[in-house]
Amino acid sequence: MNKKLIILGSGGPFTLPRFFCECDTCETARREPALRRTRASAAILGDEVTLIDAGPDLEMQLERESIRRIDNILITHWHYDHVAGLGAINYPQVMREWKPIDVYVEKSLISHFAKELIYLEDRVTLHSISPGDTIALPDATIEVVKTAHTEDSVGYIFNSKSRIAYLVDTALPSDETARSISDADTLILDAMFDSADIEWRHFTVHGAIDFWKSSGPERCILTHLACHKWANWHWIAGFTCKERLQIERQNPGLQFAYDGLEISL
Ligand SMILES: [Zn+2]
Ligand SMILES: [Zn+2]
Ligand SMILES: [Zn+2]
């Protein structure tokens with residue numbers, strides 16, 4: 001089997017369409033299921049299955065991609081859209097007698113398991129990680145880097161035949177992180193808002209493109225897409241599909257992620 005990274009979900013903190021939104025972006029996604037997005041997560045598929053985050057759409061994402069086991073989970077940070085699916089790993093472990101799943105989580109977030117997920121006690125083996133650490137798995141050697149989102153948020157760089165950086169949920173990262181990703185082949189990057197008139201701990205599409213161009217990787221895939229813009233304290237419809245294609249054409253090497261997108265590792 002060729003090793004690959006698959007985008008399980010390319011959306012932001014809400015699915016697209018959002019159940020409470022009737023903007024043009026959401027109505028278009030209702031009419032065209034291919035434009036829908038589930039919450040941001042990814043998986044490395046090779047000798048093992050390694051998930052990056054386990055959001056609330058986890059079970060549907062695994063079913064859609066016919067992924068029938070989980071060996072490792074790498075957590076980026078403790079927000080609902082990235083960890084709310086963790087509870088779902090309880091049942092298959094009981095029913096299929098899986099061995100404990102190795103879960104890698106930033107050291108100050110480990111305590112969440114004892115407080116919120118105590119029923120997973122026998123089902124996971126927790127590994128405490130920090131930026132600067134390296135995780136050696138059969139399919140890739142993984143570097144842990146700091147993202148600019150929460151105090152404890154991290155990103156990952158996967159090294160196999162190629163070098164892929166996954167920085168979901170981040171604003172402009174530190175110089176140290178920027179240096180670490182400079183020789184990556186592919187950068188997978190947060191671009192939550194199509195545009196925004198206030199500061200967030202996320203990139204906008206054009207902010208992400210500017211950072212990618214200054215950082216070095218040849219290819220950039222934008223993910224964690226809300227597909228809305230933020231103006232005058234309102235979330236409103238963002239780029240149309242046509243505008244998105246135009247942005248891709250104007251920026252060779254750039255691609256907007258979609259659910260199911262595969263990248264060789
Ligand atoms: Zn998020
Ligand atoms: Zn909408
Ligand atoms: Zn977040």
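When a ligand or atom number is given, it counts from 1 through the structure's own listing order. The basis for the numbers below is simple: all heavy atoms, side chains too, and nothing from hydrogens, waters or symmetry mates. All values reported here derive from a predicted model rather than from experimental measurement.
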Given 3.5 Å as the limit, does a donor-acceptor pair link the side chain of [X] with the main chain of [Y], or not?
X      : Y      : answer
Glu106 : Ser153 : no
Asp71  : Val49  : yes
Asp259 : Thr38  : yes
Arg64  : Leu8   : yes

Test of ring centre spacing under 6.0 Å for Phe20 and Phe14: yes
Close side-chain approach of Tyr80 and Pro56, heavy atoms under 4.5 Å: yes
Angle, SG of Cys23 through the Zn ion (ligand 2) to SG of Cys21 - 10° precision: 110°
Ionic contact status for Asp53 with Arg39, cut-off 4.0 Å: no
Metal site the Zn ion (ligand 2): N/O/S of Cys227 inside 2.8 Å: no
Residue and atom names of protein N/O/S atoms that fall under 2.8 Å from the Zn ion (ligand 3): His77 NE2, His79 ND1, His149 NE2, Asp169 OD2
Atom name of the N, O or S atom in His228 that lies nearest to the Zn ion (ligand 2): NE2
